[in-house]
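The block underneath contains the structure these notes are about, expressed in structure tokens.
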Amino acid sequence: MARSTLTRRLLAPTAAVAALIGFAAAPAHAAIWTSSEQWGNYTTSDNYILYNNIWGSGAGTQTIWANSSSNWGVTANHPDTGGIKSYPNAKKIVNRTITSLSSLASDYDVTVPSSGAYNTSYDIWDTDYDYEVMLWVNYNGAVGPLGTSQGTVTLGGHTWAVYKGDNGANEVFSFLRTSDSSAGTVAILPILKWIKDTKGWWGDETIGDVQFGYEITSSSGGLDFVTNEFDVSSG
């Protein structure tokens with residue numbers, strides 16, 4: 001899972017390689033921001049944060065580009081080995097308790113490769129980073145969730161296979177869509193309330209980050225992941 005709270009060590013690519021990959025990863029017209037840095041980040045005019053986030057051991061090269069929070073992508077060339085290498089994402093900070101929210105939803109539209117090992121997912125955190133909620137909308141290759149199966153449930157406009165686990169730093173609740181989707185809307189709040197009220201797995205947590213991106217295990221040869229639409233709304 002993406003772990004912004006854990007210390008990770010990874011050698012950054014050389015400037016020459018970074019420049020080359022950055023050029024190759026750019027969209028047809030020049031993006032307003034690109035980065036090949038391990039922790040490269042950018043705040044958009046509507047206060048979303050884009051993050052390259054290369055955190056796993058044995059990672060290759062990766063370049064993120066963005067024109068806006070809803071028009072960004074990444075070219076990643078990670079070796080065909082096990083273990084998550086990166087989670088490039090866009091993040092919206094909510095900072096609201098579950099009970100104070102009347103709505104929390106998101107739209108997504110992505111173009112993802114047919115090869116490689118990855119998932120396209122939301123990564124939702126409480127402000128203390130004690131709990132992580134992952135919503136996988138599509139996935140490919142040798143990837144799987146942490147924890148044990150908790151059955152299936154239909155929430156937020158989708159049917160999910162649910163898993164519950166612990167990575168030693170925080171609890172993880174993973175919801176895997178039972179069929180792949182490249183575009184749609186997720187009503188996030190009913191999922192959070194189900195965890196709280198139906199299952200009792202947490203209390204009235206303050207939701208901090210709603211992240212959306214690509215958890216990449218392998219993308220040998222260089223694969224493109226493109227976000228055509230993404231937004232988070234709350235009330």
Side-chain angles (χ1 to χ4, degrees), residues 1-6 53 55-58 78 80-89 94 98 101 104-106 108 110 112-219 225 232:
M1 307 301 151
R3 296 286 176 270
S4 58
T5 57
L6 300 181
N53 196 21
W55 66 265
S57 62
H78 298 301
D80 188 17
T81 56
I84 299 163
K85 309 302 190 304
S86 67
Y87 179 62
N89 67 85
V94 177
I98 296 170
L101 288 164
L104 180 61
S106 179
Y108 64 92
V110 299
V112 292
S114 58
S115 59
Y118 64 87
N119 66 68
T120 304
S121 57
Y122 289 87
D123 206 12
I124 302 162
W125 294 87
D126 69 307
T127 51
D128 294 326
Y129 294 95
D130 293 326
Y131 300 99
E132 178 182 15
V133 180
M134 297 204 75
L135 312 177
W136 295 23
V137 296
N138 62 58
Y139 44 99
N140 190 76
V143 295
L146 180 71
T148 58
S149 174
Q150 306 293 312
T152 60
V153 65
T154 299
L155 291 166
H158 305 264
T159 300
W160 315 91
V162 184
Y163 294 81
K164 182 176 183 289
D166 189 314
N167 61 26
N170 54 269
E171 292 190 56
V172 184
F173 312 128
S174 298
F175 293 72
L176 279 62
R177 201 176 188 278
T178 54
S179 61
D180 284 344
S181 169
S182 60
T185 299
V186 180
I188 297 171
L189 185 58
I191 298 171
L192 306 183
K193 287 185 172 180
W194 182 83
I195 295 170
K196 173 183 174 291
D197 298 329
T198 302
K199 305 303 289 185
W201 291 340
W202 63 6
D204 188 21
E205 298 297 324
T206 300
I207 302 304
D209 303 347
V210 176
Q211 305 170 8
F212 178 79
Y214 311 96
E215 197 173 53
I216 305 171
T217 293
S218 66
S219 53
F225 302 79
V232 176

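Atom CD1 of residue I84 and atom NE2 of residue H78 lie 11.5 Å apart, to the nearest 0.5 angstrom. To the nearest 0.5 Å, atoms CD1 (I216) and OG1 (T120) are separated by 9.0 Å. Atoms CG and CD1, from L135 and I124 in turn, are 4.5 Å apart once rounded to the nearest 0.5 Å. Between the CG atom of D128 and the CG atom of N170 there is a distance of 11.5 Å, given to the nearest 0.5 Å.
Using the six-membered ring where Trp is involved, W136 and Y139 have ring planes that are perpendicular, over 60° apart on the 30 and 60° scheme. Using the six-membered ring where Trp is involved, W202 and Y131 have ring planes that are perpendicular, over 60° apart on the 30 and 60° scheme.
Within the 4.5 Å cutoff, side-chain heavy atoms of V133 are placed close to those of F175. A 4.5 Å side-chain heavy-atom check between P145 and N119 finds every atom pair outside the cut-off. Contact of the D123 side chain with the D209 side chain is not registered, since no non-hydrogen atoms from C-beta on lie closer than 4.5 Å. Using a 4.5 Å heavy-atom threshold, the side chains of V210 and S106 count as separate.
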Steps toward side-chain contact (heavy atoms from CB on, under 4.5 Å) verdict (T206, V94): CA-CA 9 Å; T206 300; V94 177; over 6 Å; no
Working for side-chain contact (heavy atoms from CB on, under 4.5 Å), residues L146 and M134: CA-CA 10 Å; L146 180 71; M134 297 204 75; over 6 Å; no
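Residue pairs meeting the salt bridge (charged side-chain N to carboxylate O under 4.0 Å, His left out) criterion with at least one member in residues 154-168, sequence neighbours excluded, are K164-E171. Pairs passing the salt bridge (charged side-chain N to carboxylate O under 4.0 Å, His left out) check and including a residue from residues 177-189, sequence neighbours excluded, do not occur.
Closest non-hydrogen pair, S181 versus Y108, comes out as OG-OH, 2.7 Å. Minimum heavy-atom separation, G151 to S149: N-OG, 3.3 Å.
In this structure D126 satisfies the side-chain hydrogen bond (donor to acceptor under 3.5 Å, both in side chains) test with no other residue, sequence neighbours excluded. For Y118, the ring pair (Phe, Tyr, Trp, His ring centres under 6.0 Å) partners are F225, not counting sequence neighbours. Listed by chain and residue number, A161 satisfy the side-chain contact (heavy atoms from CB on, under 4.5 Å) test with T152 (two or more places apart in sequence, or in another chain). Qualifying side-chain hydrogen bond (donor to acceptor under 3.5 Å, both in side chains) partners for S219, counting only residues two or more places apart in sequence or in other chains: none. Applying the side-chain contact (heavy atoms from CB on, under 4.5 Å) rule to T178 yields the partners T159; only residues at least two apart in sequence or on another chain are considered. Residues satisfying the ring pair (Phe, Tyr, Trp, His ring centres under 6.0 Å) test with Y122, not counting sequence neighbours, are F212. Residues meeting the side-chain hydrogen bond (donor to acceptor under 3.5 Å, both in side chains) test with E205, sequence neighbours left out: none. Partners of S218 by side-chain hydrogen bond (donor to acceptor under 3.5 Å, both in side chains), not counting sequence neighbours: none found. In this structure A105 satisfies the side-chain contact (heavy atoms from CB on, under 4.5 Å) test together with S233, sequence neighbours excluded.
Proximity of a side-chain donor or acceptor of Y87 to a complementary backbone N or O of S121 within less than 3.5 Å is detected. In terms of modelled atom types and a separation under 3.5 Å, the side chain of Q150 and the main chain of T148 share a donor-acceptor contact.
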Show every donor-acceptor pair shorter than 3.5 Å between a side-chain atom in residues 185-201 and any protein atom, with sequence neighbours excluded, or say none if there are none.
| unit_1 | atom_1 | unit_2 | atom_2 | d |
| --- | --- | --- | --- | --- |
| T185 | OG1 | D107 | OD1 | 2.5 |

